[in-house]
Amino acid sequence: MTTIIAAIVGLVFGLGLLVSGMADPHKVLGFLDLAGAWDPSLALVMGGAIAVGLPGFALARQRQRSLLGEAMQLPASKALDAPLVVGSVLFGIGWGLAGYCPGPALVGITAGMESAAIFSAAMLAGMVLFGLWQARQGTKL
Amino acid sequence: MTIDMTAFTPVAALLGGALIGLAAVLLVLFNGRIAGISGIVGSLLPPRASGEAWRVAFIIGLLAAPWVYGLFAPMPAAASPASWPVLVIAGLLVGFGTRLGSGCTSGHGVCGLSRLSMRSLVATLCFMAAGFATVFVARHFL
C-alpha cells in the first residue's frame, strides 16, 4: 500500500511541477533573474505549496504513526553546519546555471527534453560522487 | 527590478504549488516520509544503496507525469538555455550539493519550511541566494 501511495504522490508531484511552470527552465531562470525582467511566479509556487504543507505537516507532527501505520520518519537533525550551507550553495549555483532542480530535471526527461537528460545524468553522477566521497571520509575516521 | 507581467502566471503557479504541497502532505500522512526528490533519488544510488520499493514507485509516478499531463494539455516543459558543458557542470553541482546539504527545493524548500525547520530555512535561503547570485553574474556580467 505504501508503494501505491508513493506512485500516486510521485504523479501528483510531477503534475504540480508541470502545472506550476517549475519544469520550464526559462521560467525558473526568469524568477532567479532579479536584475532583469523579473517573473515572480515561482514565489507563488512556493507559497501555494507551503499553504497546503503547513496544516498538513502540523497534522503529521502530532502523529506517532502514519495513516498506514508506518513510523513517522521526519528529519531529526537540527545542526546548522557547514555541509548544510556549502551543499545548499553548490546546489543553488547549479540551479542558477541550468534552471533545473532535481524534480523538474527528472520530469523533463520524460517530457522529451535532451537538456534535462544531460543534466539528470550529471546530477546522478554528482550524487554517486558524493556517496564515494562520503565513504572515503568514513574510512579516514 | 522590473516585473515581467507577460511571463507572470500567478494562477498556474499557485495551483501547481498547491499540487506539490498536496503530494508532500499525502506522503507524510500516509507513509510517514518526506517528499524530497534528491533524498529519494540519492538513496537509490550506489555506493550506500538503501533502496526501498516506495522510492522506486515515487520516481515512476514522477516520470509518468508528463504523459498524464500530455493527455489534457500541451507540454509546458522546455529545454534549458544552457549549453551541454554547462548542463554537465550544473548537474554535478546539483547532485553533489543536494546530497551534501541533505535536500533540495522539495525536501528543504517545501517539506522543511512546512515543518518550520530552521535547518531547512537556512538551506533554502542559501540555495535561493546562490541561485540569484549565479543568474546575476551569468546574465549581467558574463
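Letters A, B, ... mirror the listed sequences (proteins, then strands); counts begin at 1. As the structure is a computational prediction, the values presented were derived from the model and not from experiment.
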field: Interface moiety of Ile60(B) toward chain A, non-hydrogen atoms closer than 4.5 Å
entry: neither
statement: Given Leu84(A), Thr2(A), Leu74(A), the one with more heavy-atom pairs under 4.5 angstrom with chain B than any other is Leu84(A)
Ala138(B), part contacting chain A, at a heavy-atom distance under 4.5 Å: neither
- prompt: Given that the side chain runs from C-beta out, which part of Ala35(A) has a heavy atom under 4.5 Å from chain B: side chain, backbone, both or neither?
  reply: both
field: Tyr69(B) atom OH: more than 12 heavy-atom contacts under 6.0 Å
entry: yes
- request: Heavy-atom pairs under 4.5 Å with chain A are the metric here; pick the option from Leu29(B), Val122(B), Ile59(B) that has the most.
  value: Leu29(B)
message: Looking only at heavy atoms and a cut-off of under 4.5 Å, which of Leu90(A), Val45(A), Ile93(A), Leu32(A) has the most pairs with chain B?
response: Leu32(A)
- request: Would you please test Phe96(B) and Trp133(A) for ring-ring contact (aromatic ring centres under 6.0 Å, His included) and show each step?
  value: CA-CA 10 Å; Phe96(B) 194 93; Trp133(A) 175 75; 5.6 Å; yes
- prompt: Is Glu70(A) salt-bridged to Arg63(A), going by a charged N under 4.0 Å from an acidic O?
  reply: no
- line: From the list Gly70(B), Cys111(B), Gly112(B), Ala53(B), the residue making the most non-hydrogen contacts under 4.5 Å with chain A is Cys111(B)
message: For chain A, which candidate among Leu19(B), Val86(B), Leu62(B), Val25(B) shows the most heavy-atom pairs at distances under 4.5 Å?
response: Leu62(B)
query: Would Met5(B) and Val11(B) show up in the same hydrophobic cluster when neighbours are defined by side-chain heavy atoms closer than 4.5 Å?
result: no
query: Heavy-atom distance under 4.5 Å to chain B: side chain of Ser77(A), backbone, both or neither?
result: both
field: Summary of salt bridge (charged side-chain N to carboxylate O under 4.0 Å, His left out) pairs that have at least one residue in residues 63-85 of chain B, sequence neighbours excluded
entry: none
task: Calculate, to the nearest 0.5 Å, the distance between atoms OG1 and CE belonging to Thr105(B) and Met22(A) respectively.
output: 5.0 Å
message: How long is the straight-line distance from OH of Tyr100(A) back to SG of Cys104(B), given to the nearest 0.5 Å?
response: 15.5 Å
- line: If you tally heavy-atom pairs under 4.5 Å between each of Val107(A), Val89(A), Leu18(A), Val12(A) and chain B, the highest tally belongs to Leu18(A)
message: Heavy-atom pairs under 4.5 Å with chain A: which of His108(B), Met75(B), His140(B) has the most?
response: His140(B)
field: Side-chain touch Asp81(A)/Arg119(B), heavy atoms, less than 4.5 angstrom
entry: yes
- prompt: Side chain, backbone, both or neither: which part of Arg139(B) has a non-hydrogen atom closer than 4.5 Å to chain A?
  reply: side chain
- request: Check whether any side-chain heavy atom of Ile37(B) sits under 4.5 Å from a side-chain heavy atom of Phe58(B), and report yes or no.
  value: yes
- request: Give, as side chain, backbone, both or neither, the part of Pro104(A) having an atom under 4.5 angstrom from any heavy atom of chain B.
  value: neither
statement: Whatever's closer than 4.5 Å to a heavy atom in chain B on Ala71(A) counts as backbone
query: Between the side chains of Arg99(B) and Ser38(B), is a donor N or O closer than 3.5 angstrom to an acceptor N or O?
result: no
message: I need the residue from Pro81(B), Pro10(B), Ser106(B) with the largest number of non-hydrogen atom pairs under 4.5 Å to chain A.
response: Pro81(B)
field: Interface moiety of Leu17(A) toward chain B, non-hydrogen atoms closer than 4.5 Å
entry: both
- request: For each of Ala58(A), Ala60(A), Gly14(A), Pro83(A), tally heavy-atom pairs with chain B at distances under 4.5 Å, and name the one with the top tally.
  value: Pro83(A)
field: Note, Met123(A) side chain near Leu92(B) side chain (heavy atom, < 4.5 Å)
entry: no
query: Between Gly21(B), Ser83(B), Ala90(B), which shows the greatest number of heavy-atom pairs under 4.5 Å with chain A?
result: Ala90(B)
What pairs of donor and acceptor atoms, side-chain ones from residues 124-134 of chain B against any protein atom, are under 3.5 angstrom apart with sequence neighbours left out?
from	atom 1	to	atom 2	distance (Å)
Thr124(B)	OG1	Ser120(B)	O	2.7
Thr134(B)	OG1	Ala130(B)	O	2.6

statement: Most contact-rich option vs chain B, by heavy-atom pairs under 4.5 angstrom, among Val9(A), Asp24(A), Leu97(A), is Val9(A)
message: For chain B, which candidate among Ile118(A), Leu129(A), Leu29(A), Ile4(A) shows the most heavy-atom pairs at distances under 4.5 Å?
response: Leu29(A)
